[in-house]
Each structure stands twice: as C-alpha cells, then as structure tokens.
Undergrad: 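First the structure, which I've put down as structure tokens, then a few questions once you've had a look.
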Amino acid sequence: MTARILDGKVLSAQIKDEVTARVEALKAKGVIPGLAVILVGNNPASEIYVRNKGKGCEETGMLSRTVRLDEATTQEELEGQIEALNRDPEIHGILVQLPLPRHLDENAALAKILPEKDVDGFHLINAGHLMTGTEGVVPCTPKGALYMLRSTGEDLSGKEAVVIGRSNIVGKPMAMLLLQQNCTVTVCHSRTKDLAEHTRRADILVSAVGKAGFVTKDMVKPGAIVIDVGINRVDGKVCGDVDFESVSETAGWITPVPGGVGKMTIAMLLSNTVDAAERTLGK
Ligand code: NDP
C-alpha cells in the first residue's frame, strides 16, 4: 500500500481563504483583527516561527505586531507587556513565543494573558474548557492535526487512537480532541513499556516526540492515519518523527514534514485570532 498524503499546504490554504473572507467581513464592520507576538531573546527557531506568523497575518489582511524583548527581560517587564496588550483594543490575540529564556516563568506569563485573547489556547481556563468539552480556545497544533484527520473523510468515531507525547501544548490537548471525536485514546510517553505494542493497534497514530526517525514501519498498523507533529533538524534538513519513506508503504494516510502539521498550526492561529476578533463584536 502507498499512503495518501495529507497535504498541509493545500489544507492550510483552505483555512487561510476562509480566514481572509472573515477578515474582510470584520473590516466592513470597522474591526481589523490584530495579533501580537511577544518574542524574548533571539532564539533562531523562534525568529523563524514569529516571521511566519507575521507573514500569515499579512496574507490574510490582519494586523500583526511583534513585541521584541531583550534576552535579559525580567518577569515583571514581560508581564507588564502582556497586560498592556490585554488592554489594547487593536489587539485581539496575544501569543508569547515559547520557549522563554530559562530565568522566566512560562506558566506565570501565560496566566497573565486574558483567556479571550489567548489564541494559543495555553491558559489554564482554556485548558479547562478543552478538558470539559465546553467552548474555549483550542491549541493550534492539535486543532490543525484534527482538521487533517477530518479531511480524510473517515469516520473517526470508535477508532483506536494512539498519541505519542504528553506535553501540554500538543500531546494532552490532542488526546482530548480525539476523545471528543469518540476515539478510544491511548497516550504514550517516555515511560511507556513496549511502545510498539500500543502503536501497532492504532487506526490513528499521532507522534509528538521530537526525535527524527522515531516511528518506523513495523510500529504502524496497515492502513493507519499517521500524523507527524515532530519538527527535527538532521544535517540542516527539517524532518518529522516518522520515517516517511518506510511508513508511507504501510499507512493509509500520512502527513509530510515539512508541508504538514506545521502549516496547519499557523493557519489555526490565524483562525483563532479571527474568532477572538469576532467575539468582540458580540460584546
Ligand atoms: P515535549 O518535549 O514537551 O514532549 C515530548 C514528548 O515525547 C514527551 O511527552 C515525552 O515523554 C515523549 N517522549 C520522549 N521520548 C520518548 C520515547 N522514547 N518514547 C515515547 N515517548 C517519548 O515536546 P512538544 O510536545 O512540545 O513537541 C513535540 C514535537 O512536536 C517537537 O518535535 C516539536 O518541535 C514539535 N512541534 C511541532 C509543532 C508544529 O507546528 N508542527 C508545534 C509544536 C511542537 P515524557 O513526558 O515522559 O518526557
């Protein structure tokens, strides 16, 4: 079997088209959706992500603002910037680019963002909404991965889903979303015994580990939908967690890296920002 490709470029373009139309509609009502990204220090990977987010805003007609803070910024200064953006009516979405320098408290900073402006969906209030299945902001990467899963047209209900990774930003919210789709969900992590025994049962396999070549053909059930969230660099080249060449011989569907989930993450960030701007109209 040769897997069909879940193309992040095509799927994210669909979302961006929808976002562009919604931005136009908001502008007609006098609202320009605005996204602010706070970047502390000069981590080269973060610089790229922030640039791509700005580009996405530009493409869809949104206002984009980058707040650059020095590597030595204090917690107080960082939180002061967040509070200023919370009060700023031009800004509907606030994102603190992670990771922060070690001396800063990530959780404390995220907790300062107004939940309705928390377009990354990392605030405890939004995590609680996801946990309880009530309306809140859903983290962009798992939301994008779910969009890809849905685009297969397969009925997700009742499927065995295995998520490798249990981070707060990918693994756990992904598991919650799959549970909402009525999948039977297993979450694996570094202490899981006999990982392959779990993954081989998976109709849906999501890998969010951060290790190149981690998921191999023998770990994948024939016909499975394989979503590769990992972003790794090997000899300067970007690749995922999944050994694409061999796994695409057995999977039914597979996401490439690059050109997969990463593209969806940015599209969902834009979508979450428009959601936030639309909510202000209702007030
Ligand atoms: P974390 O490092 O926070 O989490 C990695 C997870 O993998 C942990 O839960 C860890 O287990 C688990 N793990 C590590 N080694 C093993 C192992 N040998 N067997 C099973 N599980 C293991 O990473 P993130 O969740 O933040 O990100 C994961 C990957 O996704 C990274 O490559 C990151 O760059 C990428 N990413 C991609 C995005 C995109 O837009 N495409 C967005 C965000 C992240 P334990 O908890 O026990 O330590």
Side-chain angles (χ1 to χ4, degrees), residues 5-9 11-12 15-16 37 43-53 55-56 95-100 102 106-107 110 119-122 127 130 137-149 161-178 185-202 205-216 218-220 226-234 236-244 254-272:
I5 305 290
L6 286 166
D7 190 334
K9 283 184 209 148
L11 296 171
S12 65
I15 299 167
K16 280 188 187 168
V37 179
N43 175 321
S46 294
E47 292 274 358
I48 296 172
Y49 295 140
V50 170
R51 207 181 314 135
N52 287 340
K53 286 164 189 172
K55 215 174 114 203
L95 181 158
V96 176
Q97 185 64 46
L98 302 178
L100 289 172
R102 277 168 175 268
E106 217 162 85
N107 289 332
L110 295 177
V119 281
D120 250 344
F122 296 161
L130 183 59
V137 184
V138 176
C140 306
T141 300
K143 191 175 179 182
L146 180 62
Y147 189 98
M148 295 180 111
L149 280 168
V162 172
V163 179
I164 321 177
R166 57 174 164 178
S167 70
N168 291 333
I169 64 171
V170 189
K172 281 185 206 157
M174 187 75 238
M176 285 300 144
L177 288 178
L178 290 164
V185 184
T186 304
V187 182
C188 299
H189 45 79
S190 67
R191 313 289 171 90
T192 298
K193 289 189 178 127
D194 202 349
L195 178 67
E197 193 186 309
H198 295 284
T199 61
R200 275 196 288 266
R201 280 191 289 106
L205 178 60
V206 181
S207 182
V209 176
K211 289 184 180 164
F214 186 76
V215 175
T216 47
D218 57 304
M219 294 167 71
V220 177
V226 178
I227 306 286
D228 190 353
V229 179
I231 298 179
N232 309 294
R233 277 184 179 76
V234 177
K237 271 183 73 179
V238 174
C239 63
D241 291 344
V242 176
D243 178 24
F244 186 85
I254 192 166
T255 64
V257 181
V261 179
K263 294 258 173 219
M264 303 302 288
T265 299
I266 292 188
M268 287 306 177
L269 173 68
L270 301 171
S271 175
N272 281 352

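In each ligand, atom 1 is the first atom listed, and ligand 1 is the first ligand listed.
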Undergrad: Just jot down the ligand 1 atoms closer than 4.0 angstrom to any heavy atom of Thr265, in number order.
TA: 39 (C), 40 (O)

Undergrad: Return the residue, atom name and 0.1 Å-rounded distance of the protein heavy atom closest to atom 13 (N) of ligand 1.
TA: Val209 CG1, 3.8 Å

Undergrad: Would you mind finding which of Thr199, Leu269, Ile169, Asp228 brings a heavy atom closest to atom 26 (O) of ligand 1?
TA: Ile169

Undergrad: For atom 41 (N) of ligand 1, find the nearest protein heavy atom and state the residue, atom name and distance (0.1 Å precision).
TA: Val229 O, 3.3 Å

Undergrad: Checking side-chain contact (heavy atoms from CB on, under 4.5 Å) between Leu6 and each of Ile227, Ile254, Val261, which is the one that passes?
TA: Ile227

Undergrad: Would you please determine whether Met264 falls within less than 4.0 Å of ligand 1 on a heavy-atom basis?
TA: no

Undergrad: Compare all side-chain heavy atoms of Leu149 with those of Met174 and state whether any distance is below 4.5 angstrom.
TA: yes

Undergrad: Verify, without hydrogens or angle tests, whether Asp241 (side chain) and Ala212 (backbone) share a donor-acceptor contact under 3.5 angstrom.
TA: no

Undergrad: Please confirm whether Thr141 approaches ligand 1 to less than 4.0 Å, judged on its heavy atoms.
TA: yes

Undergrad: Short list, please: which atoms of ligand 1 are under 4.0 Å from a heavy atom of Gly165?
TA: 6 (C), 7 (O), 9 (O)

Undergrad: So do the side chains of Leu100 and Leu98 get within less than 4.5 Å of each other, counting heavy atoms only?
TA: yes

Undergrad: Which residue and atom name correspond to the protein heavy atom nearest atom 15 (N) of ligand 1, and how close is it?
TA: Lys211 NZ, 3.1 Å

Undergrad: Pick whichever of Arg191, His198, His189 has a heavy atom sitting closest to atom 21 (N) of ligand 1.
TA: His189

Undergrad: Is the contact between Thr192 and ligand 1 made by the side chain, the backbone, both, or neither, using heavy atoms and a 4.0 Å cut-off?
TA: neither

Undergrad: Would you confirm whether Asn272, through its side chain, and Val138, through its main-chain N or O, come within 3.5 Å as a donor-acceptor pair?
TA: yes

Undergrad: To the nearest 0.5 Å, tell me how far Leu146 CG sits from Leu177 CG.
TA: 5.5 Å

Undergrad: State the CD1-SG distance between Ile164 and Cys188, to the nearest 0.5 angstrom.
TA: 6.5 Å

Undergrad: Whether the side chain of Ser167 engages the backbone of Val170 through a donor-acceptor N/O pair (distance < 3.5 Å, no angle test) should be reported.
TA: yes

Undergrad: Just to confirm my output: which protein heavy-atom neighbour is closest to atom 25 (O) of ligand 1, and how far is it?
TA: Ser167 OG, 2.5 Å

Undergrad: NZ/Lys143 to CD1/Ile15 distance, rounded to the nearest 0.5 angstrom?
TA: 8.5 Å

Undergrad: If we check side-chain contact (heavy atoms from CB on, under 4.5 Å) with Val242, which of these qualifies: Val209, Val220, Asp228?
TA: Asp228

Undergrad: Ignoring hydrogens and geometry, is there a side-chain-to-backbone donor-acceptor pair from Asp243 to Gly213 under 3.5 Å?
TA: no

Undergrad: Quick one: does Met264's side chain get under 4.5 Å of Thr255's, heavy atoms only?
TA: no

Undergrad: Is Ile231 in polar range of ligand 1, meaning some N or O pair under 3.5 Å apart?
TA: yes

Undergrad: How far is atom 17 (C) of ligand 1 from its nearest protein heavy atom, and which residue and atom is that?
TA: Phe214 CZ, 3.5 Å

Undergrad: Could you pull out, from Ala212, Gly210, Pro142, Pro258, the option with a heavy atom nearest to atom 29 (C) of ligand 1?
TA: Gly210

Undergrad: How far is atom 8 (C) of ligand 1 from the closest protein heavy atom, and which atom is that?
TA: Arg166 N, 4.0 Å

Undergrad: Heavy-atom contacts with Val170 under 4.0 Å: which atoms of ligand 1 show up? List them by number with element.
TA: 25 (O), 43 (C), 44 (C)

Undergrad: Quick check on contacts: which atoms of ligand 1 are under 4.0 angstrom from a heavy atom of Ile164?
TA: 20 (C), 21 (N)

Undergrad: Pairs of nitrogen or oxygen atoms closer than 3.5 Å, one from Asp241 and one from ligand 1: do any exist?
TA: no

Undergrad: N/O to N/O below 3.5 Å, does that happen between Ser190 and ligand 1?
TA: yes

Undergrad: Report yes or no: does Ala208 have a heavy atom closer than 4.0 Å to ligand 1?
TA: yes

